[in-house]
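Data block below; observations after.
So you know, we letter chains A, B, ... as the sequences are listed, proteins then strands, and number each from 1.
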Amino acid sequence: MHRTHTCGQLTAAAAGTDVTLAGWVHRRRDLGGLTFIDLRDRYGITQIVAKSGEPGHDALGAVRNEWVIKVTGTVRERSRETANLKLATGGIEVAAKTVEVLNEAKTPPFYVNEETPVEETLRWKYRYIDLRREGPRELMRLRHEVVAYIRAYLTDRDFWEIETPTMIRSDPTGARDFIVPSRYYPGKFWALPQSPQQLKQILMVGGIDKYFQIAHCYRDEDPRADRVYEHTQLDFEMSFVDQEDVMSTLEALYTEIFRQFGRKPLARTPVPRVTYEEAMRRYGIDRPDLRFEIELVDLTDALRATAFIAFRSVIDSGGVVRGLIVPGQAAATRKDVDGWQALAKTKGAKGLASFAFAGTEVRSPVAKFLTPAELESLRIASKAKDGDLLLAVADTHHVASASLGVVRERLGPELGLADTTKHYAVWITEFPLIERTPEGGWTFAHNPFCAPLTPHDLELLDSDPAAARSKQYDFVIDGKEIFGGSVRIHQRAVQERVFAQMGVSKDEAQTRFGALLDALEYGAPPSGGVGAGIDRLVMTLAGTENVREVQAFPKTQTGYDPLLDAPADVDPKLLEELGLRVVAKAPKA
RNA sequence: GGUCCCGUGGUGCAGCGGCCUAGCAUACGUCCCUGUCAAGGACGAGAUCGCCGGUUCGAAUCCGGUCGGGACCGCCA
């Protein structure tokens with residue numbers, strides 16, 4: 001061993017003993033006849049000292065920041081005046097007797113010993129230097145501790161951790177697959193899993209009963225601040241359970257995770273539950289941010305008799321007028337409202353009407369189209385207070401709600417409405433089983449294996465498919481989906497019925513999902529589980545908005561790896577063996 | 001596929017038509033200094049302002065393109 005102790009370990013109890021420490025030179029303070037070194041490793045910082053004439057003095061003067069050195073010396077208690085209360089080891093120092101340079105270092109491209117911002121690409125290229133910094137290191141620690149906790153927690157409760165392959169069959173469901181060419185089967189391809197969904201259900205058929213995995217998942221879609229090519233999920237499944245069992249198991253786990261690792265407490269436990277229908281009606285979104293309590297209101301009845309054509313026509317055709325109170329923003333500028341309107345339009349709104357309630361007057365671009373009585377009805381229906389602004393959208397219930405929902409999400413941070421001292425968790429339940437595609441067909445709302453909520457919901461596929469609900473449940477914190485899961489369909493006939501609704505024939509289903517469908521015929525137990533993003537969990541715990549911060553070796557927004565300089569060309573011989581020929585070469589290469 | 005923002009010594013920022021021979025902080029180098037802990041002091045080296053083209057008497061500064069990065073929409077759990 002190169003050391004007897006770490007740099008975060010020594011206290012006055014060790015005074016007088018000889019020790020050997022090894023680490024990086026964090027900082028050097030050379031006073032001429034007296035030189036100090038802060039020696040750093042993952043565990044902490046210890047001050048090394050040598051006076052003129054003492055054996056280590058010359059060597060300490062010669063080292064530079066980030067050199068790797070090994071120091072042997074005597075632990076010395078510091079006097080009260082010279083102790084450093086900011087360091088755990090600040091009560092002692094090591095008087096150097098010998099200093100061995102294990103490795104010199106070039107001047108680093110950015111600071112290790114300061115918490116100043118550095119351009120991301122540079123950090124990822126020199127991630128090995130970045131990780132020496134306290135902030136990045138502590139995120140790695142947090143991530144490790146959370147994962148270790150999950151493993152221990154689930155192991156204690158009879159779950160088995162089982163690895164599933166990272167090369168599986170491509171399925172054109174959901175996101176674009178990353179694919180890997182096969183050498184034995186030229187022209188055929190493996191796919192990297194977007195999640196181990198089918199495999200974990202098959203494990204349940206195999207009688208594993210309780211399974212989890214810390215699984216890498218891949219999808220080839222354009223990265224964002226909070227999503228990247230590859231992420232890690234806690235994949236989790238249990239047999240002979242219904243929705244309540246899975247939810248209570250996970251709520252217990254996550255409550256405990258937030259209690260142990262969260263910077264902020266959970267605002268409400270047990271975690272409240274809201275159905276999808278209620279979430280859309282009250283918040284206009286299926287992952288509401290409950291750190292602020294403003295809710296959507298219905299204005300249709302207040303305008304039932306209006307002559308204003310924009311509202312009239314919508315109401316006549318069965319639509320609704322929905323509203324959102326923006327507290328205290330009666331003085332909002334045209335520019336503010338335009339910004340919110342642009343946001344509302346991204347969710348399909350044709351426009352966004354605003355009504356400012358100031359004293360007895362109601363100011364609105366559309367005021368001239370409404371009677372005083374109607375304006376008063378709006379005030380009553382929206383419960384607007386003096387100084388409030390009412391935003392309104394007329395459309396179908398879904399479009400009007402969703403449009404105001406995105407505006408609501410924006411208002412929280414923009415107007416500082418959110419209570420940022422706590423985490424606000426909520427369960428969303430009773431999702432639709434299927435939903436309309438833009439082309440007018442049907443597709444699954446979450447994943448194709450989600451069980452109908454009741455037998456009646458399965459029957460609804462024949463009469464009113466959009467009304468059919470499922471045993472899907474999402475766990476949302478502060479407006480972010482932390483995990484989602486469902487109880488699965490465990491009977492082939494039911495699964496095929498759901499596929500049929502989405503226009504997937506029996507043959508096609510057999511081709512794409514044959515392994516799972518076959519398994520369902522050999523005694524599949526009822527089961528349920530979740531896929532829970534680890535990256536997003538750690539982000540939420542740490543309060544960071546950027547996934548790359550919680551990954552050890554991140555890629556850029558264009559999927560480039562600055563550290564390994566990947567993707568890269570491969571040996572043409574390899575292409576030949578694989579039966580591949582590059583037809584078009586991207587200009588970036 | 002699209003929109004917006006950014007690109008200036010190693011790092012982080014300022015400068016936004018001539019006053020820039022490009023400023024500040026920090027890092028880096030040399031020297032002084034025996035109780036520092038973001039040590040202090042003195043001196044020094046280091047950038048033709050991402051790249052290409054244009055406008056102009058004159059461009060880091062304005063315009064167009066391009067490359068790279070970031071945020072977002074599309075897409076995506």
Side-chain angles (χ1 to χ4, degrees), chain A residues 26-40 45-54 57 60-61 64-66 76 78-87 89-90 93 95 105-126 129-130 133 173-177 194-195 197 217-229 231 233 235 286-287 342-343 345-347 406 410 431 438 444-447 472 474-476 480-486 530-533 535-536 545-546 548 554-560 562 587-588:
Chain A
H26 187 65
R27 225 184 275 279
R28 188 170 56 101
R29 290 177 295 280
D30 189 344
L31 278 63
L34 179 68
T35 301
F36 298 97
I37 295 276
D38 287 340
L39 192 65
R40 183 197 70 237
I45 288 175
T46 299
Q47 177 165 284
I48 312 296
V49 64
K51 288 181 184 175
S52 176
E54 291 181 348
H57 184 252
L60 281 195
R64 292 293 179 268
N65 282 352
E66 298 309 310
R76 205 155 66 188
R78 299 205 221 171
S79 69
R80 186 131 45 92
E81 307 82 70
T82 60
N84 184 351
L85 300 174
K86 286 186 273 184
L87 290 181
T89 62
E93 61 193 0
K106 291 160 76 172
T107 301
F110 51 86
Y111 311 112
V112 176
N113 53 18
E114 286 182 27
E115 293 295 318
T116 49
V118 179
E119 188 200 329
E120 271 191 33
T121 322
L122 196 66
R123 290 178 55 202
W124 309 149
K125 179 170 180 179
Y126 296 98
I129 292 168
D130 189 53
R133 310 203 301 169
T173 300
R176 185 183 298 113
D177 280 325
Q194 296 181 27
S195 87
Q197 182 64 39
C217 304
Y218 308 84
R219 64 182 119 75
D220 188 2
E221 298 290 351
D222 292 354
R224 285 292 150 73
D226 64 344
R227 64 180 212 241
V228 281
Y229 283 162
H231 72 282
Q233 84 178 29
D235 198 50
D286 63 0
R287 43 170 184 80
L343 203 58
K345 284 182 173 175
T346 65
K347 293 292 173 184
V406 283
R410 168 77 67 84
F431 279 83
F444 49 88
H446 272 75
N447 82 46
Q472 163 79 28
D474 279 5
F475 191 74
V476 173
K480 297 188 185 82
E481 188 195 315
I482 296 298
F483 61 78
S486 65
V530 302
D535 309 73
R536 194 166 291 179
E545 294 295 318
N546 186 330
R548 293 169 226 120
K555 297 174 177 60
T556 69
Q557 195 170 69
T558 51
Y560 174 71
K588 279 172 192 167

In whole Å, what separates the P atom of G54(B) from that of U26(B)? 41 Å
Looking for any heavy atom pair under 4.0 Å, which part of the strands does Thr116(A) touch: base, sugar-phosphate only, or nothing? nothing
Under 4.0 angstrom between Asn65(A) side-chain N/O and A27(B) OP1 or OP2: no
Between Val49(A) and Leu34(A) the two heavy atoms that sit nearest each other are CG2-CD1, 3.8 Å
Atom pair distance, as rounded to whole Å: CH2 in Trp124(A) and C1' in G69(B): 12 Å
Has Arg227(A) got a side-chain atom pairing as donor or acceptor with Asp222(A)'s backbone, closer than 3.5 angstrom? yes
Give me the atom names and distance for the closest heavy-atom approach of Arg28(A) to Asn65(A). N-OD1, 4.1 Å
Which value, in whole Å, describes the distance between the P atoms of nucleotides C20(B) and C16(B)? 12 Å
Among the nucleotides A38(B), G69(B), C37(B), which one has an atom lying closest to any side-chain atom of Lys86(A)? A38(B)
Between A39(B) atom P and Arg28(A) atom CZ, what is the distance in whole Å? 11 Å
Within less than 4.0 Å of OP1 or OP2 of G69(B), is there a side-chain N or O belonging to Thr556(A)? yes
Determine the contact category for Gln233(A): base if any of its heavy atoms lies under 4.0 Å from a base atom, sugar-phosphate if only primed atoms, P, OP1 or OP2 are that close, otherwise nothing. nothing
Between Ala175(A) and Asp226(A), which residue's closest nucleotide on RNA chain B lies nearer the 5′ terminus? Asp226(A)
Please give the distance between the C1' atoms of G17(B) and C13(B) as a whole number of Å. 22 Å
How close or far is atom P of A77(B) from atom NE2 of His446(A), stated in whole angstroms? 10 Å
Considering only atom C1', compute the distance from U36(B) to C4(B) and round it to an integer number of Å. 49 Å
Partner nucleotide, any strand, of G17(B) [Watson-Crick/G-U, under 3.5 Å]: none
Rounded to whole Å, please give me the gap between CD in Glu54(A) and P in G35(B). 13 Å
For C51(B) versus U11(B), give the span between their C1' atoms, rounded off to a whole number of Å. 22 Å
Rounding to 0.5 Å, atoms CD (Gln47(A)) and CG (Asn84(A)) come to a distance of 7.5 Å
Taken to the nearest whole Å, CG/Leu34(A) to P/C32(B) is 16 Å
Is a side-chain N or O of Asn113(A) found less than 3.5 angstrom from the main chain of His26(A), in a donor-acceptor match? yes
Which of these nucleotides, G35(B), G12(B), C28(B), is closest to any side-chain atom of Pro117(A)? G12(B)
Quote, to the nearest angstrom, the P distance that separates U55(B) from G64(B). 15 Å
Does the distance from a Lys or Arg side-chain N to an Asp or Glu carboxylate O, for Arg29(A) and Asp38(A), drop under 4.0 Å? yes
Among U34(B), A77(B), G70(B), which nucleotide has an atom closest to any side-chain atom of Glu120(A)? G70(B)
Students often mix this up, so state it plainly: with edges at 30° and 60°, are the rings of Tyr126(A) and Phe110(A) parallel, tilted or perpendicular? perpendicular
Suppose we define a pair by two distances each less than 3.5 Å, Watson-Crick or G-U wobble; what does A47(B) pair with here? none
With both distances kept under 3.5 Å, what pairs with G53(B), Watson-Crick or G-U wobble? C63(B)
Check ion pair Lys555(A)-Glu120(A) (N to O, under 4.0 angstrom): no
Between G35(B) and Glu93(A), counting only base atoms on the nucleotide and side-chain atoms on the residue, is there a donor-acceptor pair under 3.5 Å? yes
Answer yes or no: side-chain N or O of Gln47(A) and base N or O of U36(B) forming a donor-acceptor pair under 3.5 Å. yes
Mate of A25(B) across any strand shown (Watson-Crick or G-U wobble, both atom pairs under 3.5 Å) is U11(B)
Search all heavy atoms of Thr556(A) against all heavy atoms of Pro223(A) and return the closest pair with its distance. O-CG, 4.5 Å
Would you mind classifying the nucleic acid contact of Ala83(A) as base, sugar-phosphate or nothing, using non-hydrogen atoms under 4.0 angstrom? base
Looking at Arg176(A), is its backbone amide N or carbonyl O close enough to the side chain of Glu221(A) to form a donor-acceptor pair, meaning the two atoms are under 3.5 Å apart? yes
Would you say a side-chain N or O of Ser195(A) is under 4.0 Å from OP1 or OP2 of A77(B)? no
Taking the side chain of Asp38(A) as its heavy atoms from C-beta onward, which of G35(B), G69(B), C37(B) lies nearest to it? C37(B)
Under a 3.5 Å limit for both distances, which nucleotide forms a Watson-Crick or G-U wobble pair with A77(B), could you say? none
For C37(B), the nucleotide meeting Watson-Crick or G-U wobble distances (both under 3.5 Å) is none
Between G12(B), G35(B), G29(B), which nucleotide gets closest to the side-chain atoms of Arg64(A)? G29(B)
Rounding to an integer number of angstrom, what distance separates C63(B) and G18(B) when you compare their P atoms? 15 Å
With rounding to whole Å, what would you report as the distance between A38(B) and G74(B) at their C1' atoms? 47 Å
For the side chain of Arg219(A), counting heavy atoms from C-beta on, which of G35(B), C76(B), A27(B) is nearest? C76(B)
Asp226(A) side chain near Lys480(A) side chain, heavy-atom distance below 4.5 Å: no
Regarding the side chain of Arg224(A), the nearest nucleotide among C72(B), A27(B), G35(B) is C72(B)
Any chance you could list the contact pattern along nucleotides 3-10 of chain B? Use B for base contacts, S for sugar-phosphate-only contacts and - for none, protein heavy atoms under 4.0 Å, 5' to 3'. -------B
Rounded to whole Å, please give me the gap between CZ in Phe36(A) and P in G35(B). 8 Å
Under 3.5 Å donor-acceptor, Arg219(A) side chain and Gln194(A) backbone: no
Among G35(B), C75(B), A77(B), which is the nearest nucleotide to the side chain of Glu221(A)? C75(B)
Please pick, from G35(B), G69(B), A27(B), the nucleotide with the shortest atom-to-atom distance to any side-chain atom of Thr121(A). G69(B)
So if I take every side-chain heavy atom of Arg548(A) and compare against G70(B), A39(B), C37(B), which nucleotide ends up nearest? G70(B)
Thr346(A) near the nucleic acid: base, sugar-phosphate alone, or nothing, with a heavy-atom cut-off under 4.0 Å? nothing
Identify the heavy atoms of Thr558(A) and Tyr229(A) that sit nearest to each other, and give their distance. O-OH, 4.0 Å
Taking for each residue the nucleotide of RNA chain B with the nearest heavy atom, is it Ala225(A) or Gly174(A) whose nucleotide lies nearer the 5' end? Ala225(A)
With distance as the sole test, does Arg548(A) use its side chain to make a donor-acceptor pair with the main-chain N or O of Gln557(A) at under 3.5 Å? no
G-U wobble or Watson-Crick pairing nucleotide for G68(B) (cut-off 3.5 Å, both distances): C6(B)
With a 3.5 Å cut-off and heavy atoms only, can you find an N or O donor on one side and an acceptor on the other between the side chain of Arg78(A) and the base of U36(B)? yes
Distance, rounded to the nearest Å, where Arg227(A) contributes CZ and A71(B) contributes C1': 13 Å
Nearest-angstrom distance from the residue atom CD of Glu115(A) to P of A25(B): 22 Å
Going 5' to 3' through nucleotides 40-46 of chain B, assign each nucleotide B (protein heavy atom under 4.0 Å from a base atom), S (under 4.0 Å only from sugar-phosphate atoms) or - (no protein heavy atom that close). -------
